[in-house]
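Working notes, beginning with the structure itself.
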Amino acid sequence: MPAPRIHYFVADYDRPSWGTGMLYEHVVLLRELGYDARIVHERAPFRLGWIERELPVTHLDALDIEPAAGDVLVVPEVLAARAPGLGWPCRRWVFVQGGFLAEAGLGGAASFAALGYERALAVLPHVARIVARHYWMGGIDGI
């Protein structure tokens, strides 16, 4: 069975951002390790003007690949409520970089699990505890 493709959903926001930079760097690292990882932006031909990385980028309004059930879609916490509406059949992981943005990204849902997320990735241990206690509703399992 081939390794899953990994799609990182990134907002079409062309301002320098540590969070956006981190998403791009994850894709760089995954590709260096041999994974088929890519950035997903909303509208073609959007590209970040402030980051100098040559990465595969696809756009929701002009998909050049079909997401498969075994693929993984990684979504930053601020866009968490958007992913279910994409209708992609793949697994969903939420990437929580800052605990203070998590609630806004839920879009009124009770938890990330309620939005269909299988896993939550947290940058820092205290953020993992915040997610487990307040936004996962299943304890630390899955974080």
Side-chain angles (χ1 to χ4, degrees), residues 1-44 46-61 63 65-143:
M1 179 177 189
R5 289 179 298 193
I6 305 168
H7 313 271
Y8 268 70
F9 189 33
V10 181
D12 290 4
Y13 182 72
D14 199 16
R15 303 243 183 199
S17 159
W18 180 84
T20 299
M22 183 67 75
L23 297 169
Y24 267 66
E25 288 304 311
H26 272 208
V27 172
V28 168
L29 292 171
L30 287 165
R31 293 184 66 75
E32 287 174 356
L33 291 170
Y35 289 93
D36 182 358
R38 66 190 62 242
I39 298 293
V40 178
H41 278 293
E42 296 184 70
R43 292 179 184 84
F46 183 86
R47 291 226 180 226
L48 291 179
W50 59 271
I51 198 165
E52 295 181 21
R53 290 292 194 184
E54 284 301 317
L55 294 171
V57 175
T58 193
H59 300 87
L60 293 177
D61 65 350
L63 284 177
I65 49 111
E66 276 300 316
D71 290 354
V72 176
L73 175 63
V74 180
V75 181
E77 75 275 44
V78 296
L79 298 175
R82 297 261 341 271
L86 299 179
W88 285 19
C90 55
R91 301 159 56 196
R92 291 195 300 263
W93 295 9
V94 62
F95 181 40
V96 184
Q97 297 185 65
F100 68 97
L101 295 173
E103 190 167 339
L106 286 170
S111 68
F112 292 119
L115 289 172
Y117 286 91
E118 170 185 313
R119 294 264 182 229
L121 307 170
V123 174
L124 300 168
H126 72 280
V127 172
R129 287 189 297 276
I130 289 169
V131 171
R133 180 174 287 153
H134 301 286
Y135 304 115
W136 195 253
M137 306 307 195
I140 200 80
D141 209 29
I143 311 281

Spacing of Leu73 atom CG and Leu86 atom CG [to the nearest 0.5 Å]: 6.5 Å

Leu121 side chain near Val96 side chain, heavy-atom distance below 4.5 Å: no

Any residue meeting side-chain contact (heavy atoms from CB on, under 4.5 Å) with Glu54, in chain and number order, not counting sequence neighbours: none

Under the salt bridge (charged side-chain N to carboxylate O under 4.0 Å, His left out) test, residues paired with Arg92 that sit two or more places apart: none

Salt bridge (Lys or Arg N to Asp or Glu O under 4.0 Å) contacts in which one or both residues fall within residues 94-107, not counting sequence neighbours: none

Non-neighbouring partners of Arg47 that pass side-chain contact (heavy atoms from CB on, under 4.5 Å), sequence neighbours left out: Val57

Closest non-hydrogen atom pair, Pro4 against Gly70: CB-O, 2.9 Å

Main-chain N/O of Ala80 paired to Tyr117 side chain as donor or acceptor, under 3.5 Å: yes

Closest non-hydrogen atom pair, Pro67 against Pro89: O-CG, 3.5 Å

Summary of salt bridge (Lys or Arg N to Asp or Glu O under 4.0 Å) pairs that have at least one residue in residues 82-91, sequence neighbours excluded: Glu42-Arg82, Arg91-Glu118

Under the ring-ring contact (aromatic ring centres under 6.0 Å, His included) test, residues paired with Phe46 that sit two or more places apart: His41

Partner residues of His26 under the ring-ring contact (aromatic ring centres under 6.0 Å, His included) criterion, sequence neighbours left out: Tyr8, Phe95

Minimum side-chain heavy-atom gap Val27-Tyr35 below 4.5 Å: no

Pairing residues for Glu25 by the salt bridge (charged side-chain N to carboxylate O under 4.0 Å, His left out) criterion, not counting sequence neighbours: Arg53

Listed partners of Pro56 passing side-chain contact (heavy atoms from CB on, under 4.5 Å), at least two apart: Arg31, Arg38

Residues in side-chain contact (heavy atoms from CB on, under 4.5 Å) contact with Ala44, at least two apart in sequence or another chain: His59, Asp61, Ala62

Rounded distance (nearest 0.5 Å) linking atom CG of Leu48 with atom OH of Tyr24: 3.5 Å

Side-chain touch Val10/Val40, heavy atoms, less than 4.5 angstrom: no

Donor-acceptor contact present, side-chain Glu77 to main-chain Val94, <3.5 Å: no

Close side-chain approach of Ile6 to Val74, heavy-atom, < 4.5 Å: yes

Residue pair Phe9 / Ile39, side-chain heavy-atom distance below 4.5 Å: no

From CD1 (Ile65) to OG1 (Thr58), nearest 0.5 Å: 5.0 Å

ring-ring contact (aromatic ring centres under 6.0 Å, His included) partners of Trp93, counting only residues at least two apart: none

Heavy-atom pair with the smallest gap, counting every atom of Leu106 and Ser111: CD2-C, 3.5 Å

Gap separating the OG atom of Ser17 from the CG atom of Leu23, nearest 0.5 angstrom: 8.0 Å

Distance-minimising heavy-atom pair for Ala68 and Cys90: O-CB, 3.2 Å

Considering all heavy atoms, the nearest Gly21-Ile51 contact: CA-CD1, 4.1 Å

Heavy-atom closest pair, residues Tyr13 and Trp50: O-NE1, 4.4 Å

Sequence neighbours excluded - salt bridge (Lys or Arg N to Asp or Glu O under 4.0 Å) pairs with any residue from residues 4-19: Arg5-Asp71

